[in-house]
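These notes are about the structure you will find just below.
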Amino acid sequence: MFESDDNNFPNKPELALADSKPNWGKTVSTMLLFIAAFFFFFSQNYLLILLITGILLIHELGHFVMMKKYGYKSVNMLFIPIFGALVSGDKFKISQNQKYWISMMGPLPGLLIGSIGFIYCIEVEQFNLLFEASLLLILINSLNLLPLDPLDGGHVVETLFFPNSSSFRLYFTLISSLLLISIGVYFQVYLIVIFGFLMSFKVRGIQKSQRIHDNLDEINVNYKKSYHELSDREYWTIRRIFLENNPKIKEIIPDDLVLWENEKLLVDQVRQLLRADVQVDLNIMKRLVYFVLFMITLLGPLALLYINVDAILTTYDLAQ
């Protein structure tokens, strides 16, 4: 029934090309939702809210610029109420080097700006708004560089050492989930606990995807490409394997080679199973250099805070 000849398969559903221009209206609207949620759930301090929003904006603009530089399509920035912000885009052929710099250029600008501002305030002994903003820049971006999934630090570790390993991604996400839950419980920050539990759903999703990918590897179906590059045979084969691994969904589908009335739902599932083809272009020496740079970027600003912890505590006491 599933011969190799593409002519034996119906045409796959065609998708309109996504708008390549960023949707800044969506960025602004989600930013306003983020501000409102922060005000309602955490603090009515408008200055603090604006500072945090500005820091997240600088962070995500770093990712945005690098993704545009490396040829990503449909690049958009969204704020997620309570949890933060993200930049999304489409590209199915990317190198280790590109992925590394996309991850690093989120926190790196904020850490540089924050460290310079912090050193200046210490030198002139002015513990004002600039001091508080610099401290927040360092803390928020350093937190994002921790080697945990889905933080940028986790993406850096994955990119450098396991760029194409779904098994590593599964265990790394599981360990990250458990660590986030533990950290949240220890510091009694229950938002982190909730986020850790949400990560467990991601672990289950990776397990299901890995099983489907193993099935596709066995029959030599290439899923490391964009949806528009899929042949009709590849689309219908991936669709069939997905349904075989989801029998409850398969029960309501009329026939394997007939377009379902809600085929858009299956198209979305196929698209989620597609993976970027990561080109391994960093040798061992370059990986080591990049990892050292990553550690300096993470630990350098934290060391700066540790050395000047007395000034930070004094400022905090005065603010109470």
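Since the structure is predicted, the reported quantities are computational estimates derived from the model, not experimental observations.
Among I194, L179, T173, the single residue meeting the side-chain contact (heavy atoms from CB on, under 4.5 Å) criterion with M199 is T173.
Summarising the local packing, OH of Y171 is surrounded by 12 or fewer heavy atoms from other residues, nucleotides or ligands at distances under 6.0 Å. No more than 12 heavy atoms of other residues, nucleotides or ligands lie within 6.0 Å of OH in Y120, so this atom counts as exposed by the packing criterion. Counted within 6.0 Å of CZ on R211, heavy atoms from surrounding residues, nucleotides or ligands total more than 12; the atom is thus considered enclosed. Within 6.0 Å of CD1 in I219 there are more than 12 heavy atoms belonging to other residues, nucleotides or ligands. Around the CZ atom of F39, the shell of radius 6.0 Å holds more than 12 heavy atoms that belong to other residues, nucleotides or ligands. Within a 6.0 Å sphere centred on CD of Q44, heavy atoms belonging to other residues, nucleotides or ligands number more than 12.
The backbone N or O of L129 sits nowhere less than 3.5 Å from a side-chain atom of E132 that would complete a donor-acceptor pair. A donor-acceptor pair under 3.5 Å is formed between the side chain of N23 and the backbone N or O of K26. For N164 (side chain) and V278 (main-chain N/O), a donor-acceptor pair under 3.5 Å exists by modelled atom type. A side-chain donor-acceptor contact under 3.5 Å links N308 to the backbone of L304. No donor-acceptor pair under 3.5 Å is formed between the side chain of H228 and the backbone N or O of E14. Counting only distance, with no hydrogens or angles, the side chain of S74 and the backbone of G89 share no donor-acceptor pair below 3.5 Å. Panel note: side chain R275, backbone Q272; a donor-acceptor pair is recorded below 3.5 Å.
Taking 4.5 Å as the limit, every side-chain heavy atom of Y70 sits out of range of all side-chain heavy atoms of I94. Within the 4.5 Å cutoff, no side-chain heavy atoms of I35 are placed close to those of F79. Side-chain atoms of Q279 and Q98, non-hydrogen and from C-beta on, never get closer than 4.5 Å to each other. With contacts defined as side-chain heavy-atom distances shorter than 4.5 Å, the pair L230/I238 qualifies. Between Y72 and D90 there is no side-chain heavy-atom pair separated by less than 4.5 Å. Looking at F294 and L108, their side chains never come closer than 4.5 Å, going by heavy atoms from C-beta outward. P301 is not listed as a side-chain neighbour of Y306, based on a closest heavy-atom distance of 4.5 Å or more. Side-chain contact between I175 and F172 is absent, with no heavy atoms from C-beta onward closer than 4.5 Å.
Contact record, G196 with L180: CA-CB, 4.0 Å, taken as the closest heavy-atom pair. Taking each heavy atom of I206 and S166 in turn, the nearest pair found is CG2-O, 4.3 Å. Nearest heavy-atom pair, S177 versus S200, reported as atom, atom and distance to 0.1 Å: OG-N, 3.8 Å. Nearest heavy-atom pair across N141 and P107 is OD1-CA, 3.2 Å. Minimum interatomic distance between E263 and P13 (heavy atoms only, all atoms of both residues): CG-CG, 3.7 Å. Here the closest heavy-atom approach between residue L137 and residue G110 is recorded as CB-O, 3.6 Å.
Remark: K286 is not positioned above the aromatic ring of Y100, lacking an NZ or CZ atom under 6.0 angstrom from the ring centre and at most 45 degrees off the axis.
Look at E234 and K225 and you find a salt bridge, because one of the NZ, NE, NH1 or NH2 atoms lies within 4.0 Å of a carboxylate O, short of that distance. Salt bridge status for D149 with R169: absent, with no side-chain N to carboxylate O gap under 4.0 Å.
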Derivation of the side chain to side chain contact (heavy atoms under 4.5 Å, CB included) call for T297 and M104: CA-CA 9 Å; T297 306; M104 287 292 291; 3.6 Å; yes
S142 vs L111, side chain to side chain contact (heavy atoms under 4.5 Å, CB included): CA-CA, chis, key distance, verdict: CA-CA 7 Å; S142 293; L111 287 170; 3.4 Å; yes
Evaluation steps, side chain to side chain contact (heavy atoms under 4.5 Å, CB included), between F161 and V157: CA-CA 6 Å; F161 302 110; V157 172; 4.2 Å; yes
Stepwise side chain to side chain contact (heavy atoms under 4.5 Å, CB included) test for I253 and R239: CA-CA 11 Å; I253 307 299; R239 179 187 190 272; 3.8 Å; yes
Full working for side-chain hydrogen bond (donor to acceptor under 3.5 Å, both in side chains) between S103 and D152: CA-CA 5 Å; S103 296; D152 288 329; 5.0 Å; no
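A perpendicular orientation is assigned to the rings of Y290 and W101, their planes being inclined by more than 60° (bins at 30° and 60°). Aromatic ring pairs are classed by plane angle as parallel below 30°, tilted from 30° to 60° and perpendicular above 60°; the pair F162 and F168 is parallel.
Residues satisfying the side chain to side chain contact (heavy atoms under 4.5 Å, CB included) criterion with S43, sequence neighbours excluded, are F38, N45, L48.
Aromatic rings from F83 and F34 are positioned such that their centres are separated by 6.0 Å or more.
T30 OG1 to L32 CG: the interatomic distance, rounded to the nearest 0.5 Å, is 8.0 Å. Between the CE atom of M105 and the CE atom of M66 there is a distance of 6.0 Å, given to the nearest 0.5 Å. To the nearest 0.5 Å, atom CD1 of residue I192 and atom CD1 of residue I183 are 7.0 Å apart. How far NZ of K248 is from CG of L243: 15.0 Å, rounded to the nearest 0.5 Å. For the atom pair CG (L130) and SG (C121), the distance works out to 3.5 Å, reported to the nearest 0.5 Å. For the atom pair L282 CG and Q96 CD, the distance stands at 4.5 Å (nearest 0.5 Å).
Grouping the Ile, Leu, Val, Met, Phe, Trp and Tyr side chains by contacts below 4.5 angstrom, directly or via other members, places V65 apart from M31. L56 and F42 fall within a single hydrophobic cluster, where Ile, Leu, Val, Met, Phe, Trp and Tyr are joined by side-chain heavy atoms under 4.5 Å apart, directly or via other members. Under the 4.5 Å side-chain heavy-atom criterion for Ile, Leu, Val, Met, Phe, Trp and Tyr, I82 and L33 are members of distinct hydrophobic clusters. L298 and I116 fall into different hydrophobic clusters, where Ile, Leu, Val, Met, Phe, Trp and Tyr residues are linked whenever their side-chain heavy atoms come under 4.5 Å apart, directly or through other members. In the hydrophobic cluster analysis, where Ile, Leu, Val, Met, Phe, Trp and Tyr join through side-chain heavy atoms closer than 4.5 angstrom, V185 is grouped apart from L174.
Counting only N and O atoms by type, the side chains of D217 and Y223 include a donor and acceptor under 3.5 Å apart. Side-chain contact check for S88 and N76: no donor-acceptor pair (N or O, by modelled atom type) lies under 3.5 Å.
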